[in-house]
Amino acid sequence: MAAPLKVCVIGSGNWGCAVAKIIGKNVQKIPKFARTVNMWVFEEMVNNRKLTEIINQEHENVKYLPGYKLPENVVAIPDLKDAVRGADLLVFVVPHQFIRKLCDEIVDQVPQNAIGISLIKGIDEGPEGLKLISDIIREKMKIDVSVLMGANIANEVAADKFCETTIGSKNVQNGNIFKELLQTSNFRITVVDDAETVELCGALKNIVAVGAGFCDGLLSGDNTKAAVIRLGLMEMIAFSKIFCKGSVSVATFLESCGVADVITTCYGGRNRKIAEAFVKTGKTIEQLEQEMLNGQKLQGPQTSAEVHHILKQRSMVDKFPLFTAVYQICYESKPVGELIACLQSHPEHM
């Protein structure tokens, strides 16, 4: 790839805009990257104005990341093909349920030697079971794909508060290109080659966060919530060891994508917040998503469903009682009060 490398951010929710804010500033200082950053925005009307128009004129996503200015070189584009055309570096930040259709639309718009990075936290199911989002992008786009996961609540990143994150890349050279694109003094990045584990951490921790939110709704206390976090992390490790194609390094779970992301999501994320409200209000997950998330999507419950189907195929449901309980509470009307009973007979205690 010849410099300057053209960057496109695919997605413009709160996390997408927080990342675009970093990239927009960094490319102005690093000659390797083109100074204009395209950001694909799903067009919608906000106060009788197009969202792209608001972003391009006021340099703020007033719906999904209000209060934070985007650099003026970040350009909102409503047409997906126009946004990605000719891009060398693709940054994927969309809800995971949309990734297949999105890749089908843009596959012929990017150079053959383009590379991508997925910030998408979720998994998919294929005929053979588990399918990682990066695998879908890789297969459909025929490009190398890294992943970025970590303890990164979007508003805090946008406010330039110190945090860490992890890039998982099977091609470490490509991982380092994205590290150069994204790292700042307050957004510190470690690159590891255990990419599948990094990506699974990003998906599975949202299930654990739903369990933590249930604890908060039940007023179970900090000790119980700590147990949910620990047991959830153990299930994440066990699941990764079973389903990752390559070898799994337990050290990866000590990176930001592992234990740190579990902690921050179980205390500050949207999955925890909605799960707590689910217990306290008696409303459905769908109702709460509409009322509380301002158009954003919740990943934890859907990921729990995908994980449950995969475990069921392998007859392993009983080995993952926390993951299973979250699924059953969200989708099978299991009383949320039975969450604790599920943990009392956890295999970790046997």
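Using a 4.0 Å cut-off between charged side-chain N and carboxylate O, Lys32 and Glu180 make a salt bridge.
In this structure, Lys69 places its NZ atom where more than 12 heavy-atom neighbours from other residues, nucleotides or ligands lie under 6.0 Å away. Sparse packing is recorded around CD of Glu72, with 12 or fewer heavy atoms of other residues, nucleotides or ligands lying under 6.0 Å away. Under a cut-off of 6.0 angstrom, the local environment of CD in Gln173 is sparse, with at most 12 non-hydrogen atoms contributed by other residues, nucleotides or ligands. Under a cut-off of 6.0 angstrom, the local environment of CG in Asn223 is sparse, with at most 12 non-hydrogen atoms contributed by other residues, nucleotides or ligands.
Using modelled atom types, one finds no donor on one side chain facing an acceptor on the other under 3.5 Å when comparing His349 with Gln344.
Contact annotation: the side chain of Leu80 approaches that of Trp40 to within less than 4.5 Å [non-hydrogen atoms, C-beta and beyond]. Side-chain contact between Thr165 and Met149 is absent, with no heavy-atom pair separated by less than 4.5 Å. Between Arg100 and Asp124, some side-chain heavy-atom pair lies under the 4.5 Å cut-off. Contact annotation: the side chain of Cys266 never approaches that of Val228 to less than 4.5 Å [non-hydrogen atoms, C-beta and beyond].
Ring geometry, Phe323 versus Phe239: the interplanar angle exceeds 60°, so the pair is classed perpendicular (tilted spans 30 to 60°).
For the pair Lys225 and Tyr267, the cation sits on the ring face: its NZ or CZ lies under 6.0 Å from the ring centre, inside 45° of the axis.
Using a distance-only test at 3.5 Å, with no hydrogens or angles considered, a donor-acceptor pair links the side chain of Glu43 to the main chain of Thr52. No donor-acceptor distance shorter than 3.5 angstrom exists from the side chain of Glu44 to the backbone of Leu51, with no hydrogens or angles considered.
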